[in-house]
There are 2 protein chains.
Amino acid sequence: MPVADRRRRERANRHDLILAAARNLAEAEGWEAVTTRRLAELVEYSQPVLYSHFAGKDAIVRAVAIEGFADLAAILREARLSADDPQLALRAICSAYLNFAAERPALYQAMFVMPTDVKFASEDTPQPLKAGFGEFVCALGPFDRHPDLRAEVTWAALHGLAVLRRGGRIPPERQEERIDLLVSQVVNDRRD
Amino acid sequence: MPVADRRRRERANRHDLILAAARNLAEAEGWEAVTTRRLAELVEYSQPVLYSHFAGKDAIVRAVAIEGFADLAAILREARLSADDPQLALRAICSAYLNFAAERPALYQAMFVMPTDVKFASEDTPQPLKAGFGEFVCALGPFDRHPDLRAEVTWAALHGLAVLRRGGRIPPERQEERIDLLVSQVVNDRRD
DNA sequence: ACATATCATCTAGCAGTGCTAGATTTTACT
DNA sequence: AGTAAAATCTAGCACTGCTAGATGATATGT
């Protein structure tokens with residue numbers, strides 16, 4: 001049945017095409033511009049085709065978010081490995097995280113702001129998400145015997161900085177100083 | 001012109017009535033349930049009346065948010081003053097902030113998550129918002145010669161914990177330990 | 001007391017949203 | 001070529017925020 005194989009391939013291609021279109025449109029004009037009509041027009045199919053691939057608009061956002069988890073994990077890993085000193089590694093991870101959020105605000109929003117039913121911190125957490133969090137755990141290991149809680153708090157602080165900055169609720173200046181302070185607070189309150 | 005006075009009074013009452021209805025409905029069923037139709041029905045007027053008070057739905061959300069800033073500032077102030085030791089005061093403020101976010105999630109969302117054009121950290125910042133931030137600055141003064149940046153980072157961390165918790169992205173357990181860690185990181189990295 | 005002018009309010013509708021049932025076309029196999 | 005099945009589209013529903021124009025109530029001048 002090579003015909004069914006081809007069908008599956010074509011469907012998979014279109015699946016990816018939809019996700020890429022959604023992601024690009026969101027990044028270019030924000031998620032409020034991503035309507036099922038515009039998305040259908042972009043992929044040159046009618047709206048119901050979208051629903052043959054995804055349960056609804058929310059499912060599309062979720063799928064884009066999961067792609068983002070993999071991107072972020074890779075970026076964090078690279079940042080951590082590019083520095084040899086533990087403190088510099090922590091600094092690099094924090095900086096990379098905030099850069100990711102600032103450069104791909106729509107993707108970041110899908111991953112960490114919009115409502116989701118993705119399980120965080122559980123057995124059935126998507127592997128790339130686990131990996132991303134694991135980077136924080138690794139980077140914090142040198143400073144804490146139980147780095148999980150420390151990773152949660154550090155991640156929360158970075159997330160707060162990211163979303164408050166993007167919402168215009170903290171000023172754009174001095175962001176580097178904020179990262180320095182964050183890192184300083186970790187390395188000066190060791191638990192090992 | 002006592003008639004015009006009465007008119008103004010009645011309008012002001014209805015203004016508040018609309019805001020109270022919006023806030024209650026949002027708190028009970030979330031902001032997605034706050035439609036202009038339901039809101040109009042609740043206040044027993046037709047939709048256009050809402051638009052004679054507010055420029056649009058966004059303006060209503062903003063007005064609710066500004067009410068919330070005053071509430072939060074009062075709560076933070078009380079928390080800070082209820083403890084005499086600086087470390088306990090900081091602990092109390094952090095705890096009160098997260099309680100506020102957890103107990104009034106919709107109000108908190110209007111204040112700190114939804115898009116807004118309220119100016120933060122500027123001359124024309126609403127006074128109650130300045131006051132709230134000022135509480136953090138006061139609480140952090142004993143630990144930092146330049147408490148403004150420290151207040152931003154601490155606030156960001158708390159905000160991160162609040163929204164990630166509410167979104168189900170960090171587990172509900174051990175929230176107290178997270179606060180302890182946050183406070184510990186501040187008091188063990190003094191800048192004075 | 002009545003007509004008038006002004007103000008307040010409502011009805012009805014527009015353009016947009018996510019989503020879907022049913023008609024229609026395209027595809028694959030006999 | 002004819003048919004069954006699969007894929008796709010058209011057209012529409014119920015909802016959203018918002019508004020123009022009709023309708024109503026109210027205060028003022030004679």
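Throughout, a chain's letter reflects where its sequence line sits, starting with A, and its residues are numbered from 1.
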Expressed in angstrom and rounded to an integer, what is the separation of A/His53 atom NE2 from C/dC19 atom C1'? 16 Å

Roughly how many Å is it from OH in B/Tyr51 to C1' in C/dC10, rounded to a whole number? 15 Å

Rounded to the nearest angstrom, tell me the gap between atom CG in B/Leu50 and atom P in D/dC18. 10 Å

Would the distance check show the side chain of A/Ser95 and the main-chain N or O of A/Ala92 forming a donor-acceptor pair, the cut-off being under 3.5 Å? no

Using a cut-off of less than 4.0 Å, is there contact between a side-chain N or O of A/Arg14 and OP1 or OP2 of D/dT8? yes

Between C1' of C/dT17 and CG of A/Leu39, the distance in whole Å: 14 Å

Would you indicate which nucleotide in C/dC10, D/dT8, C/dC19 comes nearest to any side-chain atom of B/Tyr45? C/dC10

Tell me the interatomic distance from A/Arg11, atom CZ, to D/dA6, atom P, rounded to whole angstroms. 13 Å

Using the side-chain heavy atoms of A/Thr35, tell me which of these nucleotides is nearest: C/dC10, D/dC18, C/dG18. C/dG18

Which residue lies toward the 5' end of DNA chain C, A/Glu32 or A/Ala55, if each is placed at its nearest nucleotide? A/Glu32

Closest nucleotide among D/dT10, D/dT19, C/dG18 to the A/Pro48 side chain: D/dT10

Donor-acceptor pair (no angle test) under 3.5 Å: A/Gln47 side chain, D/dC9 base: no

Whole-Å distance, B/Asp58 CG to D/dT16 C1', equals 13 Å

Considering only heavy atoms and no angle criterion, is a donor-acceptor pair shorter than 3.5 Å present between the side chain of A/Arg37 and the base of C/dG16? no

Can you check whether B/Thr36 has a side-chain N or O nearer than 4.0 Å to OP1 or OP2 of D/dC18? no

Side chain of B/Arg62, backbone of B/Pro115: donor and acceptor closer than 3.5 Å? no

Keeping B/Trp155 on the side-chain end and B/Phe133 on the backbone end, is there a donor-acceptor pair under 3.5 Å? no

Between A/Arg191 and A/His146, a side-chain donor and acceptor under 3.5 Å: no

To the nearest Å, give me how far apart CH2 (B/Trp31) and P (D/dG17) are. 12 Å

Looking at A/Glu152 and B/Arg174, is any side-chain nitrogen of the basic one under 4.0 Å from a carboxylate oxygen of the acidic one? no

Given atom CD of A/Glu29 and atom P of C/dG16, what is their separation to the nearest angstrom? 15 Å

